[in-house]
Each structure stands twice: as structure tokens, then as C-alpha cells.
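Both backbone and side-chain heavy atoms feed into the values below; hydrogens, waters and symmetry mates do not. Sequence lines set the chain letters: A, B, ... in the order given, protein chains first and strands last, and positions in each chain run from 1.
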Protein chains: 2
Amino acid sequence: MNVSAKPERTRLSAEDWEDAALRLIADQGVGALAVEALARQLGVTKGSFYWHFRTREALLQAALERWEQYGEKEVISQIEAMPDPRARLPELFRRVAHELAPHRVYAALLKALDHPQVVPVMARVSQRRMEFLTNIYREAGLPADEALNRARLTYAAYVGFLQLNFTLGLPRISHEEFDAYVEHMIRTLTPA
Amino acid sequence: MNVSAKPERTRLSAEDWEDAALRLIADQGVGALAVEALARQLGVTKGSFYWHFRTREALLQAALERWEQYGEKEVISQIEAMPDPRARLPELFRRVAHELAPHRVYAALLKALDHPQVVPVMARVSQRRMEFLTNIYREAGLPADEALNRARLTYAAYVGFLQLNFTLGLPRISHEEFDAYVEHMIRTLTPA
DNA sequence: GCTGGACCATACGCATGAGTATGTAGGCCT
DNA sequence: AGGCCTACATACTCATGCGTATGGTCCAGC
């Protein structure tokens with residue numbers, strides 16, 4: 001019998017390594033990103049890795065940029081396409097709340113803010129998202145400074161929620177309780 | 001000239017090591033907690049360390065428990081001593097906002113949630129704080145479930161703010177802007 | 001004034017993980 | 001059919017950081 005680990009023995013590309021790196025980051029954190037571990041997981045050895053990348057740092061960089069690029073564009077454009085500005089905020093909240101998978105990388109990177117490489121990426125992504133939120137709040141009727149502060153508050157709540165639940169697993173909240181929380185959040189953060 | 005790092009050459013105790021560890025964690029993160037580095041910083045060598053602690057893990061554990069114990073008791077008791085329940089929330093918010101130093105360890109531990117040792121400590125501390133917040137919201141007039149959700153939201157905003165500012169240094173916010181943000185937060189999160 | 005224990009120095013062993021050097025199998029082009 | 005380039009294997013070097021072994025120094029107390 002053939003006991004080889006993975007039957008998929010096709011050749012790998014740099015993108016394959018970057019995707020694998022992002023998956024590993026998503027469920028084990030940036031600290032677990034080791035080239036030999038990744039190689040084992042892909043069914044090859046380090047020899048392959050160092051053909052595609054000059055260093056481990058380069059892989060991290062490439063993976064982060066890849067993640068940053070194909071980001072949250074579809075969500076943003078879909079929300080902006082909604083005709084009624086007041087309806088956008090609740091829709092955005094519910095959407096983000098129920099698609100937790102895409103936020104796993106972001107949550108993992110939140111725990112890796114001591115690595116100098118991830119800081120600028122997270123800064124850019126967070127900045128863009130907050131500007132997006134600020135615009136929505138303005139279109140919902142808030143004056144400029146209020147909209148900015150409300151966006152800060154909302155995004156902070158989002159980030160904190162990721163930490164407390166994903167990472168810390170804190171409230172061990174049930175599904176119904178979670179929905180109630182989201183609706184509460186909509187009521188208190190959305191302008192009446 | 002004497003160029004030795006620290007002139008204090010008294011003997012050290014386990015508590016000295018724990019305090020030094022917490023300081024190092026506060027400004028360089030848990031990942032930077034290495035015994036030789038700590039020893040250099042204290043003007044001694046590893047030989048000293050391994051007399052006081054069996055392992056590096058033991059030091060981390062002791063430091064975390066020390067931090068957990070001498071926690072935020074004074075703030076909590078002072079807030080609870082206030083006669084008017086409605087006045088407690090704004091006071092708590094302003095207080096926390098302007099005493100950022102004590103939150104540096106918490107912020108550092110937030111980035112270290114991949115270390116199995118810090119998770120339970122952070123879970124306990126966060127849980128206690130959220131229960132405290134929930135009580136305040138109830139005393140301010142919110143029904144039980146509303147109070148719980150509002151506490152979750154508030155604490156998430158706190159955690160997220162620490163990440164976005166301390167760690168990420170994101171908005172590069174000015175002092176006046178920050179005060180305005182705090183007041184905005186009070187207006188939108190405090191029951192009218 | 002001697003001794004035992006607290007506190008620390010020095011010099012190792014050892015595991016892990018990054019990076020390098022070099023050899024090699026298979027597809028593609030001519 | 002021969003050559004070559006891509007993708008990978010194998011076998012190392014090297015740095016870092018934990019932990020250990022052992023010996024030294026200072027001070028308390030009989």
C-alpha cells in the first residue's frame with residue numbers, strides 16, 4: 001500500500017505556499033508559521049520552499065499582501081449598492097456577524113501585532129474599514145465628527161468582540177444570545 | 001567611569017523577578033520574556049533565575065497570577081462607593097480613559113492569547129470586569145438582558161480600543177480629539 | 001571563627017528552527 | 001534524442017534560548 005501523506009502530488013507555486021500560510025495563520029497564529037511545518041503539511045520539504053521564497057520573512061510578507069489585496073471588496077461594494085442609506089448599517093452588522101470565517105485571519109493577526117511586519121498591513125486595513133464605516137454613518141445622517149467617533153466606537157467593538165470570543169472564547173455564548181447581542185448592538189450604535 | 005547597567009546590586013527575590021517580568025511584558029510583549037534578557041536587565045545571570053524558579057514557564061505563571069491579584073480592586077471599590085448609580089458610568093469611562101498606564105499589561109496580554117498560559121488568566125479577569133460592568137448598567141436602570149449585552153458591547157469597545165491605539169497606534173489621535181471620543185462614547189453607551 | 005544555606009557566576013548540553021549547498025527527477029522545447 | 005530549467009530532496013551549518021551542573025561568595029547564627 002502507498003502510505004504517502006497526501007495523494008495530491010502536483011507541483012506547487014508560490015501562491016500555493018501563500019495560501020497554505022494564511023490557512024496556518026488562521027488556525028494556529030503567526031507564531032506557528034514555520035517553513036518545515038508548512039512543508040510537511042504540503043507534503044514536501046524545505047528544499048521546495050527556498051526555491052519559491054528567499055526567506056520565511058518573505059513568505060509572511062507575500063501572504064499578508066495577498067490577504068490584504070483580496071480583502072473585503074465584495075462586502076463593501078454590496079453594501080454601498082444598497083439604495084437606502086439607513087438600511088446599510090443593520091445589514092452590514094448582521095452580515096459581518098454571521099460570516100465569521102473571513103475574520104479568522106484578521107483575528108489571528110490581531111494577536112500578532114508584536115511582529116513588525118503585520119503592523120502596517122493591519123493599520124492600512126483597519127484604516128480603510130473605519131473610513132468606510134465613517135462614510136456610512138455620515139450617509140445615515142450623522143454630522144462629520146459624530147460619524148467619525150461613532151465609526152471608531154463601532155470598529156473598536158468589532159475588534160474587541162473578535163478578541164473576546166474567537167481568541168479568548170469568553171462568553172461561550174449561544175446562538176440565540178448572539179443574535180440578541182447583534183440586535184442590541186444595532187439598536188445602540190445605529191442613529192435613530 | 002562605571003558603565004554598569006544598574007547600580008542596585010542588592011540580592012533579588014522571586015517577587016523582584018515577577019515585577020521585572022511584568023514590566024518587560026508591558027513594553028515588549030510576552031514573546032520577549034527570555035530569562036537571559038531579564039537577567040541582563042536585572043544585572044545578574046541565569047544562575048540567579050534558576051534558583052528562584054524551576055522554569056521560564058513558572059515565572060510567567062507567577063507573574064500572571066501576581067498581576068491578576070493586585071488588579072483593579074481600588075477602581076472597582078471607588079466606583080461602587082459613588083452614591084448616584086447614573087453617575088458611575090461616566091466616571092468609570094473617564095477614569096479608565098485617562099489612566100492608560102495600568103492597561104498596558106492587559107494590552108500586551110491581548111497580543112499573547114496564543115500562549116495557553118495567558119488565556120485562563122485573561123478569561124477570568126475579563127469575565128470579572130464584564131460582570132462588574134453588567135451590574136453598573138443594571139443599577140443605572142437597564143433590564144437584565146439589556147445590561148448584559150450593553151456590558152459586552154462596552155467591554156468589547158474597550159478591548160478594541162486598546163488594540164487599535166496602544167498596539168496598532170492607529171488613529172494618531174490628538175488629546176482633544178480623544179476627549180471628544182470619550183464623551184461621544186459616554187453619550188451613546190450610557191442609558192439616557 | 002566556622003558552618004550552612006541563600007544567592008549568584010560560569011560553562012556546559014541540547015533541542016529547535018532558519019538558511020545553505022548540492023544533487024536529482026521529470027517535463028518541455030527544439 | 002539531447003539539453004535545460006523547474007521543482008524538489010538530502011544533508012549539512014549556525015544561531016538562539018532553555019535548562020543543568022557545579023563551584024564560588026556573602027551573611028546569619030551558634
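- There is no side-chain donor-acceptor pair under 3.5 Å between A/Tyr181 and B/Arg152.
- Residues A/Val35 and A/Phe53 form no side-chain contact, since every pair of their non-hydrogen atoms from C-beta on lies 4.5 Å or further apart.
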Q: Scan nucleotides 11-16 of chain D nucleotide by nucleotide, 5' to 3', and note B when protein non-hydrogen atoms come under 4.0 Å of the base, S if they reach only the sugar-phosphate, - if neither.
A: B-----
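- Counting to the nearest Å, the P atom of D/dG19 and the CG atom of B/Leu60 are 11 Å from each other.
- Summary of the strand contacts: B/Trp17 and A/Leu33 both lie near DNA chain C, and taking for each the nucleotide with the nearest heavy atom, the more 5' one is attributed to B/Trp17.
- The one candidate from A/Met185, A/Met130, A/His103 that meets the side-chain contact (heavy atoms from CB on, under 4.5 Å) condition with A/Tyr158 is A/His103.
- A salt bridge links B/Glu146 with A/Arg187: at least one charged nitrogen is closer than 4.0 Å to a carboxylate oxygen.
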Using nucleotides 24-28 of chain D, report all nitrogen or oxygen pairs with the protein that are shorter than 3.5 Å.
none

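- Rounded to whole Å, atom C1' of C/dC7 lies 12 Å from atom CG of B/Asp16.
- Relative to the side chain of B/Val44, the nucleotides C/dA18, D/dT20, C/dA9 differ in distance, and C/dA9 lies closest.
- OP1 and OP2 of D/dT6 both lie 4.0 Å or more from every side-chain N or O belonging to A/His52.
- One interatomic measurement links the two molecules: CZ of A/Arg40 to C1' of D/dC8, which rounds to 16 Å at whole-angstrom precision.
- The phosphate of D/dA7 (OP1 or OP2) has no side-chain N or O of A/Ser48 nearer than 4.0 angstrom.
- What separates CZ of A/Phe49 from P of C/dG17 is a distance of 14 Å, to the nearest Å.
- Taking atom CG of B/Leu42 as the reference point, atom P of C/dA9 lies 11 Å away to the nearest angstrom.
- Residue order along DNA chain D, read from the 5' end via each residue's closest nucleotide, puts A/Trp51 first among A/Trp51 and B/Arg56.
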Please list every donor-acceptor pair under 3.5 Å in which a side-chain atom of residues 80-92 of chain A meets a protein atom from a residue at least two apart or in another chain.
residue, atom, partner, partner atom, Å
A/Asp84, OD1, A/Arg86, N, 3.2
A/Arg86, NH1, A/Ala140, O, 2.7
A/Arg86, NH2, A/Ala192, O, 2.8
A/Arg88, NE, A/Met82, O, 3.0
A/Arg88, NH1, A/Glu139, OE1, 2.4
A/Arg88, NH2, A/Met82, O, 2.8
A/Glu91, OE2, A/Arg95, NH1, 2.9

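- With contacts defined as side-chain heavy-atom distances shorter than 4.5 Å, the pair B/Leu33/B/Leu60 qualifies.
- Taking atom OH of residue B/Tyr50 and atom P of nucleotide C/dC12, one finds them 18 Å apart after rounding to whole Å.
- Shortest non-hydrogen contact noted between B/Met122 and B/Leu110 is CE-CD1, 3.4 Å.
- Between the side chains of A/Tyr106 and A/Ser126, at least one donor N or O sits under 3.5 Å from an acceptor N or O.
- Between the CZ atom of B/Arg54 and the C1' atom of D/dG19 there is a distance of 11 Å, rounded to whole Å.
- Judged by distance alone, the side chains of B/Gln127 and B/Glu131 do bring a donor and an acceptor atom under 3.5 Å apart.
- Between B/Thr45 and C/dC8 there is no side-chain N or O to OP1 or OP2 distance below 4.0 Å.
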